[in-house]
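Start at 1 and go down the list; that is how both ligands and their atoms are numbered. Keep in mind that the numbers below use all heavy atoms, side chains included, and drop hydrogens, waters and symmetry copies.
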Amino acid sequence: MTAQHYDVIIIGTGAGGGTLAYRLAFSGKKILILERGTFLPIEKENWSALEVYQRERYHTQERWHDTNGKTFRPATGYWVGGNTKVYGAALLRLRERDFEQVEHKEGISPEWALKYRDFEPYYDRAEELYDVHGQSGIDPTEPPRSLPYPYPAVRHEPRMQELANLLTQVGLHPFNLPLGLKLNEVDRSLENCIRCNTCDGFPCLTRGKADAEVNCIQPIRDRTNVTLLVAAKVTRLHTSPSGREIARVEAEIDGEHQFFTSDIVVVACGAINSAALLLRSRNDRHPSGLANSSGQVGRNLMKHNCTAMVQLSTKLNSDVYQKTICISDFYWGELSFPYPMGLVQNTGNVLADMLPAEAPALLAPLFNVSSTAQKIVGGRAGKP
Ligand SMILES: Cc1cc2nc3c(=O)[nH]c(=O)nc-3n(C[C@H](O)[C@H](O)[C@H](O)COP(=O)(O)OP(=O)(O)OC[C@H]3O[C@@H](n4cnc5c(N)ncnc54)[C@H](O)[C@@H]3O)c2cc1C
């Protein structure tokens, strides 16, 4: 069967693939988007902590293997929009020094070939595309920017404002976390975001979160130069006999293997699946997998390296959407630990039904305390 030819094939519709698809859609190029997932259903369960966290309703059923061969179910999902369907929409720029050689406690992060100034104009466009709300001039590590944030900062609710004030009093510089939300705080009827307590980690039932499906893929679906195939899992990239270019892209669709060709192929399947696809595409010319002369493809994988701290308080926190505070004072370390420590943000809401999945060790002692205390842990009444 003759393969169908395109100018560009984009594999994956997450933050990478979705954003690129949106940008290229207006170039008039003939674009094929291959996405292994389908559209995430809009249903009441989107906002159920029980369904999302304990029953992992939106995670793949796939089983992966760890380095010891033990199988586990990965906390990832295959949907149009990729992991942005459940992300927290905290959208921050890297800092200028991030692109230089940086010494971490565990080793050196090498200098990048590109610098912050190379990315700066694209950050402007990305913030516009993803409805980013923020306020510059407060974050002490903030990099220079040529344009202000496209939308005003998401305001703190009363308890978060109180916390921000207390943090300022102890000499820190809390700033409003830049967030990609479809939120208009002057006239709430104009936008979809309702500032609820099921945002970070949840799909958005009102489509008020700026994600790659809502902001990038939906707006280009009716374009005649764009073809989106969902439930289309790319299984292999075939190279030409010279091994210099991708001759065909093989995808499994409806149980059949179909082939596509294009001038440019973009692999945007996420960090792990992009590496898996390149390694799975090994051939005689590339016995260690494609683009892997370094032998590093699939190694050194990054992960959300974070610690969550939950504080019990006797003071009731009535805030609903509380993920608005960010602190960068420890980004580059401090006197007693002169290595980068990243940002401190508040988590999304901690709901009672999330705890068995996220912090079973924390939950055990909670079973012995009154339901009132459990409510305080959640910040609000324990239900979403
Ligand atoms: C709970 C959670 C909260 C997060 N919060 C934030 C946050 O607040 N701020 C932030 O900046 N980041 C956040 N992130 C991280 C962010 O979502 C990811 O960094 C980002 O989505 C990565 O984009 P990507 O395009 O590389 O991959 P993904 O978004 O994972 O997209 C990859 C896409 O490729 C598809 N795919 C995979 N394999 C194939 C294949 N073989 N064939 C076809 N399609 C394939 C997948 O289905 C998916 O659609 C969060 C992530 C999670 C899980």
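Residue-to-ligand polar distances keep Tyr78 apart from ligand 1: every N/O pair is separated by 3.5 Å or more. Looking at ligand 1, you'll find an N or O of Asn83 within less than 3.5 Å of one of its N or O atoms. The shortest N/O to N/O separation between Ala90 and ligand 1 falls below 3.5 Å. Remark: ligand 1 and Gly88 share an N or O pair separated by less than 3.5 Å (distance only, no angle test). The shortest N/O to N/O separation between Tyr87 and ligand 1 does not fall below 3.5 Å. Distances between N or O atoms of Ala271 and those of ligand 1 include no value under 3.5 Å. Between Gly77 and ligand 1, not a single N/O pair is under 3.5 Å apart. At under 3.5 Å, a nitrogen or oxygen of Trp79, whether backbone or side chain, sits near a nitrogen or oxygen of ligand 1.
Within the set Gly82, Gly18, Gly270, the minimum heavy-atom distance to atom 27 (O) of ligand 1 is found for Gly270. For atom 46 (C) of ligand 1, the candidate residues are Glu35, Glu213, Glu252, Arg236; the nearest heavy-atom contact is made by Glu35.
At a 4.0 Å heavy-atom cut-off, ligand 1 touches Leu34 through the backbone alone. When non-hydrogen atoms are compared, ligand 1 lies under 4.0 Å from the side chain of Ile11 (C-beta onward) but not from its backbone.
Ligand 1 is approached by Val86 to a heavy-atom distance shorter than 4.0 Å. The closest approach between a heavy atom of Ala232 and any atom of ligand 1 is below 4.0 Å.
A chain of hydrophobic side-chain contacts below 4.5 Å, direct or via other Ile, Leu, Val, Met, Phe, Trp or Tyr residues, connects Phe26 to Val266.
Looking at Arg236, its side chain does come within 3.5 Å of a backbone N or O of Arg282 through a donor-acceptor pair.
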